[in-house]
Amino acid sequence: MFKCILIPTDGSELSRKAVQYGVDLAKLHGARVIGIHAVPDYHLMIAYEGSFDPVTEERIEQEARARAEDYLGFVKETAARAGVPCETICDTSDHPHDAILKAADAKGCDLILMTSHGRRGIAAVLLGSETRKVLTYAKVPVLIVR
């Protein structure tokens, strides 16, 4: 049924569980997985805050990329242990849902499997929900793992 499953990850424990679930589902269907992590555009954020320090910006970006590689490394390792073909994407975007939706379209994914942190109340209003945005705008099925 599924041939290509996109699995966004933020490195959280919930996200790691979703990765495992997605890899298991891919194995069951003979599908491949694509892990994705979106790194914020720190250049714009730092410039907006009024202080531009290229050294600080570079250090922040390097640390963010290192975390992304760690998160995506978990996807690769989990897929390799299961014998599931895997690819990973590290994108730069201040809106992770945009990066997720663009990757799903560009890579021909037929399922997006992700977790939701379940924020409620004011936290949900202030922080928004990347999961909700993906659910709202996705052109393919979205499976939420809790």
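Please read all numbers here as calculations on a predicted model, not as lab measurements.
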Side chain proximity check, [X] to [Y], heavy atoms < 4.5 angstrom:
X: Val145; Y: Met114; result: no
X: Pro96; Y: Asp98; result: no
X: Thr92; Y: Arg65; result: yes
X: Arg32; Y: Glu87; result: yes

Out of Ile34, Ile100, Ile89, Thr131, which one pairs with Pro8 under the side-chain contact (heavy atoms from CB on, under 4.5 Å) rule?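 The single option meeting the side-chain contact (heavy atoms from CB on, under 4.5 Å) with Pro8 is Ile100.
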Exactly one of Val134, Thr136, Leu135 should register a side-chain contact (heavy atoms from CB on, under 4.5 Å) with His97. Which one does?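 Filter result, single survivor: Val134.
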For the pair Leu6 and Leu111, evaluate side chain to side chain contact (heavy atoms under 4.5 Å, CB included) and give the outcome as yes or no after the intermediate values. CA-CA 6 Å; Leu6 183 68; Leu111 178 69; over 6 Å; no
Any ion pair linking Glu130 and Lys133 (charged N to carboxylate O, less than 4.0 Å)? yes
salt_bridge(Arg59, Glu63) N-O dist < 4.0 Å: yes
Would you compute the distance between atom [atom1] of [X] and atom [atom2] of [Y] and round it to the nearest 0.5 angstrom?
X: Asp10; Y: Arg67; atom1: CG; atom2: CZ; answer: 11.5 Å
X: Cys90; Y: Tyr71; atom1: SG; atom2: OH; answer: 10.5 Å
X: Glu77; Y: Leu72; atom1: CD; atom2: CG; answer: 11.0 Å
X: Ile7; Y: His37; atom1: CD1; atom2: NE2; answer: 15.0 Å
X: Glu69; Y: Phe74; atom1: CD; atom2: CZ; answer: 15.5 Å
X: Ile112; Y: Lys139; atom1: CD1; atom2: NZ; answer: 11.0 Å

What's the shortest heavy-atom distance between [X] and [Y], and which atoms?
X: Val140; Y: Cys109; answer: CG1-O, 3.3 Å
X: Val84; Y: Ala26; answer: CG1-CB, 3.8 Å
X: Gly22; Y: Leu113; answer: CA-CD1, 3.8 Å
X: Ala138; Y: Leu101; answer: CA-CD2, 3.6 Å

Side chain of Asp110, backbone of Cys4: donor and acceptor closer than 3.5 Å?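 Such a contact is found between Asp110 side chain and Cys4 backbone.
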Donor-acceptor pair, Lys27 side chain versus Ala82 backbone, under 3.5 Å?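 Looks like yes, one N/O pair under 3.5 Å.
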Any chance the side chains of Thr115 and Ser15 put a donor and an acceptor closer than 3.5 Å?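 Distance-only check fails for Thr115 and Ser15.
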Whether the Asp91 and Ser93 side chains hold a donor-acceptor pair (N or O, under 3.5 Å, no angle test) is what I'd like checked. no
Using the rule that two of Ile, Leu, Val, Met, Phe, Trp, Tyr join whenever any of their side-chain heavy atoms come within less than 4.5 Å, decide whether Val19 and Ile144 are in one cluster. no
Would a single hydrophobic cluster contain both Tyr21 and Val33, if residues Ile, Leu, Val, Met, Phe, Trp and Tyr are joined by side-chain heavy-atom contacts under 4.5 Å?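 Same hydrophobic cluster.
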Might you work through the side chain to side chain contact (heavy atoms under 4.5 Å, CB included) test for Leu143 and Leu25, ending with a clear yes or no? CA-CA 11 Å; Leu143 177 60; Leu25 186 63; 4.1 Å; yes
